[in-house]
Amino acid sequence: MFGYIKPLKPELKVIDNDFYQSLYCGLCKDLKKNFGFISTFTLNYDFVFLALLYMSVNDVYVKIEKERCTVNKIKKKQVVKDDCLLFCSSILVLSAHYKINDNKIDNGAKDKLLAYIMSLPMKKYVKKVNDSFSGIDLALKEFTEKQKQLEDNKECRIDVISEPTAICTSKIFGFITEDKVKKTILERLGYFVGRWVYLIDAFDDLTDDIKKNNYNPFLYKYNIKSIDDINDDEIFDDIELILNANIAEIVNCYNLLDIKLNKYLLDNIIFLGFRNTQLYIKKNKVGK
Amino acid sequence: MDPYQILGVGRNSSDDEIKSAYKSLIKKYHPDNYVNNPLSDLAAEKTKEVNEAYDTIMKQRKGDSQGNSYNSGQNGFNGGGNYASIRNLINMGQLDKADGMLNNMNSSQRNAEWHFLKGSVYYKKGWLEEARKFYTIASNMDPYNNEYRMALNMMLSQRGGQFNANPYGGYNMYPRSSDNANCCLNLLCLDTCCECMGGDIISCC
């Protein structure tokens, strides 16, 4: 459903696809167990990638059990069960909390109402997370403030505006391991993953932001004043080049990690998945 | 560590299989892929590890030193004077200091190397767009300099979607035109229709 970092399914082996799905279900179940039913609405494919990376870097061999789906009680699903999922679900909940707070201030009336409804249970979860992972909360808080500041100042340089997200993701990925060498590699990997996610999100929201007159870094970079300015492919092609450069840096870091566990699944996401998302968004924008 | 495990091959692999695994790993960790990257020393370590593993295996198999492993020649690019110290700072990761020193130089001193080093500072920070701008200016100011050209070309090919050690190398992400596949189907339909009418275009189906 939600999320930009996904594998290219047609190129996945069945065994890898099944594992990927069971990891998604595992995260959902872990959220429900630790944080309650409402937190499962924050679930996002990007965090499945984080969980996968965590497991592969730390060589975690997980159990898979059969359980009924949280939403569709009739369906029985394969579900990954492991304590390491707590790390990902905690970050999910925390980042959702900050996003909701952001929505309370920024968006329209409908989003604000939803935000208020979600924020009460979120506060309870946040307290629970902070007892276990304190550094993450600080990283997220700093990032949210810095991001808001730059957007209010209508920052036009791509590198500068994507930096808060990049640094925040870098810190989160750094929490994956205590091994110093791997930590350095993961932090740089996280930096470019965060940068990519920010930019692809901006790309995805480009047409909406023009219509609603919201902030978007690409509007300033390409001097876009109205919908007609994005009729040609040139701008979309250029954005794709910027995004590709990010993936290349992610690849350089991933190669150094020399991951063996879940290698085929991660290879698919990194070498095919990112580009596929870019292609999908580009195809759906052109001609709108 | 077991040299066979490092190269990712079994103990019973043939010499050709080992050579092929060695070549692909060297390509993956090649220093040219990590020029100016803060992880370049880790890549150099991996290269050394792979070289040693390959040499060990070859010595064991052939009984003498016929390793012929790749020597990662350090790119000895040296700028004069100020630039040597700035390069050192960049290599040690002291990017703010290096940036400060670069900014202190007035505009008459800002030559091709200045722009290249500014680009390197930005590249190490992760500011890819700014890095590309400065590498482009450096390469334009000094078109015959290999170092600047290599750095710029690497960025341009990465932007084009070329990734290092891509296991799906050559995979065409873009939708294939269906015209080529359709022609076989068209011929088959034509043959069937023809046979219904009493003729036969393709005699074997």
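In what follows, chains are A, B, ... by sequence order, proteins preceding strands, each numbered from 1.
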(Q) At a 4.5 Å cut-off on heavy atoms, which part of B:K133 comes close to chain A: side chain, backbone, both, or neither? (A)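 Neither part.
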Q) Where does B:Y122 contact chain A at under 4.5 Å (heavy atoms): side chain, backbone, both or neither? A) neither
Q) Any donor-acceptor pair under 3.5 Å linking the side chain of A:N17 with the backbone of A:L12? A) no
**Q.** Segment of A:F274 engaging chain B (4.5 angstrom heavy-atom cut-off)
**A.**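 Looking at A:F274, nothing touches chain B.
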(Q) Which atoms of A:I242 are under 4.5 Å from chain B, going by heavy atoms: the side chain, the backbone, both sets, or neither? (A) both
Q: Mind ranking A:V251, A:N255, A:I270 by heavy-atom pairs under 4.5 Å with chain B and telling me who comes out on top?
A: A:N255
**Q.** Best-contacting candidate, A:V160, A:I185, A:N252, A:I247, against chain B by heavy atom pairs under 4.5 angstrom
**A.**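 When all of A:V160, A:I185, A:N252, A:I247 are compared, A:N252 has the most.
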Q: Decide whether a cation-pi geometry holds between A:K13 and A:Y264; the criteria are a distance under 6.0 Å from NZ or CZ to the six-membered ring centre and an angle within 45° of the ring axis.
A: yes
Top residue by heavy-atom pair count (under 4.5 Å) with chain A, among [options]?
options: B:A165, B:G161, B:A43, B:G126; result: B:G126
options: B:M155, B:K125, B:Q162; result: B:K125
options: B:A131, B:S157, B:G160; result: B:G160

Q. Rounded to the nearest 0.5 Å, how far does OG of B:S120 lie from CD1 of B:I86?
A. 11.0 Å
Q. What's the spacing between B:F116 CZ and B:L102 CG if we round to 0.5 Å?
A. 11.5 Å
Q.
I'd like to know whether NZ of A:K183 has more than 12 heavy-atom contacts from other residues, nucleotides or ligands below 6.0 angstrom.
A.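 Check passes, neighbour count above 12.
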Q. For residues B:Y135 and B:N36, is any side-chain donor paired with an opposing acceptor at under 3.5 Å?
A. yes
Q: On the 0 to 90° scale, with breaks at 30° and 60°, tag the A:F203-A:F218 ring pair as parallel, tilted or perpendicular.
A: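 Ring orientation of A:F203 relative to A:F218: perpendicular.
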